[in-house]
Amino acid sequence: MPQKNDSQSHAFDLAKLVNPDAFSIQLTCLNSTSSEDEIYINEQFIKTLPIFTERLRDRGIEYDVQLSKGRDIKGGCGQLATKRLNVLQ
C-alpha cells in the first residue's frame with residue numbers, strides 16, 4: 001500500500017522476518033477502489049517496486065510480482081466487494 005508498507009525500511013523489516021531458505025515473497029499492487037486513487041497507486045507502485053525488490057534481493061529473498069487481473073473492468077481483488085458495498089448503501 002502506498003506509504004503504508006512499501007518503503008525501504010519495510011523491505012528491511014520484512015527481510016528480517018523471512019527465512020530465504022524456506023520462503024519467498026509475493027508482491028501485489030493494491031487495487032484501487034476509486035478512479036481518483038488509481039493513478040496515484042499505480043505511480044507509487046512503479047516508483048517503489050524496484051527499490052523494495054532490490055532490498056529483498058540484497059538479503060537473498062526470492063520474490064514474485066503479482067500483476068492483478070481484472071483491474072481494467074474493476075473486477076480485481078477487493079474491487080467487486082467495494083462495488084457491492086456502494087450499491088447497498
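Any value given below was found using the heavy atoms of this structure, including those in side chains, with hydrogens, waters and symmetry copies removed.
Annotation for Pro20 and Gly60: closest pair CB-O, 3.3 Å, computed over non-hydrogen atoms. The shortest heavy-atom contact between Arg59 and Ala15 is CG-CB, 3.5 Å.
Leu27 and Leu17 fall into different hydrophobic clusters, where Ile, Leu, Val, Met, Phe, Trp and Tyr residues are linked whenever their side-chain heavy atoms come under 4.5 Å apart, directly or through other members. Following chains of ILVMFWY side-chain contacts shorter than 4.5 Å, one cannot reach Ile46 starting from Ile51, and the two form parts of different hydrophobic clusters. A single hydrophobic cluster is seen to contain both Val65 and Val18, as judged by linkage of ILVMFWY side chains at heavy-atom distances under 4.5 Å, directly or through other members.
Atom OG1 of Thr53 and atom CG of Asp58 lie 9.5 Å apart (nearest 0.5 Å). Annotation: the span from Ser7 atom OG to Asp13 atom CG amounts to 7.5 Å, rounded to 0.5 Å. Here the straight-line distance linking atom OH of Tyr63 with atom CG of Leu14 works out to 13.0 Å at 0.5 Å rounding. The distance from the CZ atom of Arg55 to the CD1 atom of Ile61 is 12.5 Å, given to the nearest 0.5 Å. Here the straight-line distance linking atom CZ of Phe52 with atom CD1 of Ile25 works out to 8.0 Å at 0.5 Å rounding.
Counted within 6.0 Å of CD on Gln8, heavy atoms from surrounding residues, nucleotides or ligands total more than 12; the atom is thus considered enclosed.
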